[in-house]
Amino acid sequence: MNRYYVDLHIHIGRTWTGKPVKITGAKSLTFTNIIEHARHEKGLNMVGIIDSHSPEVILEMESLIESGEVFEHQDGGLVFGDLTIIPGSELEIYDEQSNGPIHLLCYFPNLSIMKEFSSWLSGHLKNIQLSSQRIYVTGLVLQRKVKALGGIFIPAHVFTPFKSLYGKGVNHSLTEVLDPNLIDGIELGLSSDTKMADQIKELHDYTFVTNSDAHSLAKIAREYQVIAMKEPTFKELQKALKKKEGRKIVSNYGLDPLLGKYHKTVCAECLHPAVEEDQICTLCGNKKIIKGVADRILELKTAESSPEGRPPYVHQVPLEFIPGLGPRLLEKLVNHFGSEMAILHEVPYEALKEVVPPKIADFVMKAREGKVNLAAGGGGKYGKIAD
């Protein structure tokens, strides 16, 4: 079995003609730019590109196939050199069963099925061109459609305070809005990790995925996983999510939850730490409190520990969080050592010092070993490395 670096949640910001897809996504996030950056700069082996349902994105994929730059693997996935692309879509449901909007991820093996899904979607949402659109069917209907097309279904960033399964959508259980038997995995999001999520017993049956939810090229692979597969294809990914025939997630790599934007409960205005029982911020008097992921999980807690066989979750600090490591110096590192994956996992300390100042090399090594001091994020503001 081989091991592959995988990030399954990367957004498209613009089409190849410049039309917006993910409004909050960078203009540089075109399909072609993403696959080139993921392959050559990040060193990934498989990516899930969300928003592949957008008609102009489909046209770009078709053009790449026609030119021979990309080809479709017989077992699913689009192949670009040593990178495999899994076409995906993030959709929002807000039906009568849910308390608020919920984001869900759907993946398909090839372009023809994605086109079929896109055609079906166009009859159930307002703008097929855009990302994360509200779809006017129930979660159950969406699940069944994805499964009828042979797809993969994963609830997205399930604990974030806005637009997520547990953060907003349900009172206590995913069964309130979804069929638990039609879920292939659970995406943890940036403000939680395996230990936190496994405090909810109904999640013990699912594989956890850790993805970047990238809205810019730099954010690609800020979270990812290493997956044991025979080769990087859609079918192999399906097996890995179900832990079949030796395929599995070997380890999850993600932010320490303290670095996430929604880890702690804070005042929505001044971001002063708070408890939800406070009806008013004790610092500025604002009346809106944003509940943090850590507190929400404690509300839902039904278990004490992870199930047997759960892969390790490795807390990792993305290179862009390293103090003093700006874009130019990062580019220099990547050009010298080949990819961000190599820098994060393999390059020795002495080699790093030959390219960057010792202080930055020290930070990279401490981050690799989980020995950096962190200040927690909340209310939409990332945590940070404390000097």
One pair to check against side chain to side chain donor-acceptor pair (under 3.5 Å): Ser28 and Asn33. What are the steps and the verdict? CA-CA 7 Å; Ser28 58; Asn33 285 349; 5.5 Å; no
Write out all pairs satisfying salt bridge (Lys or Arg N to Asp or Glu O under 4.0 Å) with one or both partners inside [range], taking only residues at least two apart or from two chains.
| range | value |
| --- | --- |
| residues 30-41 | Arg39-Asp82 |
| residues 46-68 | Lys19-Glu56, Glu62-Lys115 |
| residues 144-165 | Glu92-Lys163, Lys147-Asp184 |
| residues 311-329 | Lys219-Glu320 |

Counting only heavy atoms not in [X], do more than 12 sit closer than 6.0 Å to its [atom1] atom?
| X | atom1 | value |
| --- | --- | --- |
| His172 | NE2 | no |
| Arg134 | CZ | yes |
| Lys243 | NZ | yes |
| Lys168 | NZ | no |
| Lys332 | NZ | no |

Go through it in stages, so that I can follow the logic: the residues are Thr32 and Thr30, the test is side chain to side chain donor-acceptor pair (under 3.5 Å), and I'd like the CA-CA distance, side-chain angles, deciding distance and then a yes or no. CA-CA 5 Å; Thr32 300; Thr30 64; 5.1 Å; no
Is the closest side-chain heavy-atom distance between [X] and [Y] below 4.5 Å?
| X | Y | result |
| --- | --- | --- |
| Ile35 | Ile49 | yes |
| Phe31 | Val21 | no |
| Leu300 | Tyr166 | yes |
| Gln133 | Leu121 | no |
| Gln143 | Leu178 | yes |
| Val293 | Pro257 | no |
| Glu116 | Leu149 | yes |
| Leu217 | Leu29 | yes |

What's the spacing between [X] [atom1] and [Y] [atom2] if we round to 0.5 Å?
| X | Y | atom1 | atom2 | value |
| --- | --- | --- | --- | --- |
| Leu344 | Lys42 | CG | NZ | 8.5 Å |
| Leu188 | Leu255 | CG | CG | 11.5 Å |
| Ile86 | Asp7 | CD1 | CG | 12.0 Å |
| Glu299 | Gln199 | CD | CD | 12.5 Å |
| Glu90 | Ile12 | CD | CD1 | 12.5 Å |
| Thr15 | Ile58 | OG1 | CD1 | 12.5 Å |

Taking NZ, NE, NH1 and NH2 as the nitrogens, is one of them in Lys230 or Glu236 under 4.0 Å from a carboxylate oxygen of the other? no
Between Glu69 and Ser67, does any side-chain donor sit less than 3.5 Å from a side-chain acceptor? yes
Is the cationic atom of Arg310 (NZ for Lys, CZ for Arg) positioned less than 6.0 Å from the six-membered ring centroid of Phe208 and within 45 degrees of its normal? yes
Side chain to side chain donor-acceptor pair (under 3.5 Å) between Asp198 and Ser306: does it pass, once the steps are laid out? CA-CA 5 Å; Asp198 272 332; Ser306 294; 2.6 Å; yes
Cluster overlap [X] with [Y], hydrophobic side-chain contacts below 4.5 Å:
| X | Y | result |
| --- | --- | --- |
| Ile249 | Tyr206 | no |
| Phe80 | Ile34 | yes |
| Met114 | Phe153 | yes |
| Val79 | Val6 | no |
| Val158 | Tyr313 | yes |

Please find the pair of heavy atoms, one from [X] and one from [Y], that lie closest to each other, and give the distance.
| X | Y | value |
| --- | --- | --- |
| Ala361 | Val356 | N-CG2, 4.0 Å |
| Met365 | Leu352 | SD-CD1, 3.9 Å |
| His103 | Ser132 | CE1-CB, 3.9 Å |
| Gly77 | Thr84 | CA-CG2, 3.9 Å |
| Thr210 | Gln225 | N-OE1, 2.7 Å |
| His9 | Asn211 | CB-CB, 3.4 Å |

Do side-chain atoms of [X] reach the backbone of [Y] as a donor and acceptor pair under 3.5 angstrom?
| X | Y | answer |
| --- | --- | --- |
| Ser191 | Tyr262 | yes |
| Thr265 | Gly292 | yes |
| Arg247 | Leu237 | no |
| Tyr107 | Leu8 | yes |

List in chain and number order the residues that pass side chain to side chain contact (heavy atoms under 4.5 Å, CB included) with Lys381, two or more places apart in sequence or in another chain; answer none if no residue qualifies.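 For Lys381 the side chain to side chain contact (heavy atoms under 4.5 Å, CB included) partners, ignoring immediate neighbours, are Leu271.
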Could you list the residues that satisfy side chain to side chain contact (heavy atoms under 4.5 Å, CB included) with Asp362, not counting sequence neighbours? Tyr349
In short, ring-ring contact (aromatic ring centres under 6.0 Å, His included) pairs touching residues 229-258 with sequence neighbours left out are Tyr224-Tyr253, Tyr253-His345
Not counting sequence neighbours, which residues clear side-chain hydrogen bond (donor to acceptor under 3.5 Å, both in side chains) with [X]? List them please.
| X | answer |
| --- | --- |
| Glu269 | none |
| Asn2 | Tyr4 |
| Lys301 | Glu304 |

Kindly list each side-chain donor-acceptor pair under 3.5 angstrom involving residues 123-130, sequence neighbours excluded, with atom names and distances?
{"residue": "His124", "atom": "NE2", "partner": "Trp120", "partner atom": "NE1", "Å": "3.4"}
{"residue": "Asn127", "atom": "OD1", "partner": "Gln129", "partner atom": "N", "Å": "3.0"}

Stepwise side-chain contact (heavy atoms from CB on, under 4.5 Å) test for Ile102 and Tyr94: CA-CA 6 Å; Ile102 300 169; Tyr94 191 174; over 6 Å; no
Would you please name every residue forming a salt bridge (charged side-chain N to carboxylate O under 4.0 Å, His left out) with Glu223, sequence neighbours left out? none
